[in-house]
2 protein chains.
Amino acid sequence: MSTRTAAPTRREQILSEAARLFAERGFHGVGVDEIGAAVGISGPGLYRHFAGKDAMLAELLVGISGRLLDGGKLRVRGAGAAGDPAAVLASLIDGHIDFALDDRPLITLHDRELDRLRDSDRKLVRQLQRQYVELWVTVVRELYPAVPESQARGAVHAVFGLLNSTPHLGSPGGGLPGRAATESLLRRLAHGAFAALGETGESGEVGGMGEPGDATGRG
Amino acid sequence: MSTRTAAPTRREQILSEAARLFAERGFHGVGVDEIGAAVGISGPGLYRHFAGKDAMLAELLVGISGRLLDGGKLRVRGAGAAGDPAAVLASLIDGHIDFALDDRPLITLHDRELDRLRDSDRKLVRQLQRQYVELWVTVVRELYPAVPESQARGAVHAVFGLLNSTPHLGSPGGGLPGRAATESLLRRLAHGAFAALGETGESGEVGGMGEPGDATGRG
DNA sequence: GCAACACGTTAACGCTCACTAACACCAGTG
DNA sequence: CACTGGTGTTAGTGAGCGTTAACGTGTTGC
């Protein structure tokens, strides 16, 4: 089904390994020799495939932003045909979870190394990101018309933070459950967050609010 | 009460500015000359106060991890005396939100530049982080005994991601609400996420779940 | 007045690292 | 076999940057 993975081109190999390394140690923390070694060639051989290190990062970030946006649009059109905002939001959440779990390194890069791009590329990525956020905000506002836009946007960003937390879940080794369990956990948490957003928030208290007076801690 | 801020020492100035710059452009992306310029001195003058660039990062990360843990412990003891896990969790959430909003740059560094540390420092930071997470996990498991530990831990990490999303909310310029509004929004979302964790999850559907069959997108 | 010290300066060193140059191998193609 | 294009190699270069060295200056205490 989904991705073909049939014939991973050299370019694709390089991009994949570069994404992993950039996510692990940061853009400046990885040398071109390491990227080359990761795909079996060494150092400057990369320059047969890319104009430079920056070009790799640019292609990665533009690519991921574009794919996120495209996937989101498809899901809005697909699930939105029924006119049910809840179903659309659920589909967006599922899609983002898939993405976060499939392409962990890219998700990490996505909000970490944006400033390293040339102005034009950075503007493009920002625009794609903004469109993706707007997709979510629109759906959230359809679902909860009483929620002001600024809160909806804040909630969307916060839920992105929640869903993108997968890199911190210690992928290998840790006695952590399978992918399906992680998927359903994240799904449940995300839905719970949005559900809380929908609650009025003025009348009823959210939960045990704790006494705000005792601001101990923070020494 | 809490922090004095009375006489910000040179050391503290440097740490504060270094934190901001590291968070903005990454550890490798900032030069010592820039850090010096940010506090009015230039370049190698920093070496009168720190052994090196690494030492600044180490002190920042150890400091934030320690303060987070200390604050969390205080809140557990303070609110936990009443024996009400919900109040303890609420207090932990409030504390973490305060921290995320007060020390945005540090929160960003916290899960971004950890690998740049010497082994000893990195181990120390990891240990402090782990203790802090365990604090939360313990409370969550008291509050929802039916939730297995792996899920509780995953949920805690995910909520950290949610609360730490504040750096992405575009602090200056954007027509975004005041601090109080952001605080209450994050608080509501976090409580909602944990509430969803508490729901059984086996019997009832969480929300509109979307049809999992139509895995469009992700081309 | 004058050591002693805290704190800052500029100049230079040495290392890392992205990138380039020059060359080698191998597959088609006529 | 010669030619060409794609892909790799190693050696070298130039810039950036963390760090050190050597030096200057104001304040303190005898």
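Heavy-atom basis, side chains included; hydrogens, waters and symmetry copies ignored.
The aromatic rings of A:Y132 and A:H96 sit parallel to each other, their planes meeting at less than 30°, with 60° as the upper class boundary. Taking the six-membered ring where the residue is Trp, A:H28 and B:H28 present tilted rings, their angle falling between 30° and 60°.
At least one donor-acceptor pair closer than 3.5 Å links the side chain of B:E113 to the backbone N or O of B:F27. Using a distance-only test at 3.5 Å, with no hydrogens or angles considered, a donor-acceptor pair links the side chain of A:T108 to the main chain of A:R104.
Counting atom types as modelled, A:R48 pairs no side-chain N or O with a base atom of D:dG6 as donor and acceptor under 3.5 Å.
Residue B:R10 places at least one side-chain N or O closer than 4.0 Å to OP1 or OP2 of C:dG8.
B:V39 comes within 4.0 angstrom of nothing in the nucleic acid, heavy atoms only. Within 4.0 Å of A:G31, counting heavy atoms only, lie sugar-phosphate atoms of the nucleic acid but no base atom. Here A:G43 lies out of heavy-atom contact (under 4.0 Å) with every strand.
The nearest whole Å value for the distance from the CZ atom in B:F27 to the P atom in D:dG18 is 8 Å. Following rounding to the nearest Å, A:H28 (NE2) and D:dA15 (P) show an atom-to-atom distance of 19 Å. One interatomic measurement links the two molecules: CG of A:L21 to P of C:dC17, which rounds to 13 Å at whole-angstrom precision. When rounded to the nearest whole Å, the span between CD1 of A:I35 and C1' of C:dC19 equals 13 Å. For the pair B:L46 CG and D:dT19 P, the interatomic distance rounds to 10 Å; values are reported in whole Å. To the nearest angstrom, P of D:dG8 lies 5 Å from CD1 of A:I41. The CG atom of B:L57 sits 15 Å away from the C1' atom of D:dG18 (whole-angstrom rounding). Remark: C1' of D:dG8 and CZ of A:F50 are 16 Å apart, rounded to the nearest angstrom.
With distances taken from any side-chain atom of B:S42 to the nucleotides C:dT9, D:dG18, C:dC19, the minimum falls on C:dT9.
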Stepwise side-chain contact (heavy atoms from CB on, under 4.5 Å) test for B:L68 and B:L128: CA-CA 9 Å; B:L68 260 179; B:L128 294 170; over 6 Å; no

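DNA chain C is contacted by both B:H49 and B:P44; B:H49 maps to the nucleotide lying nearer its 5′ end (nearest heavy atom per residue).
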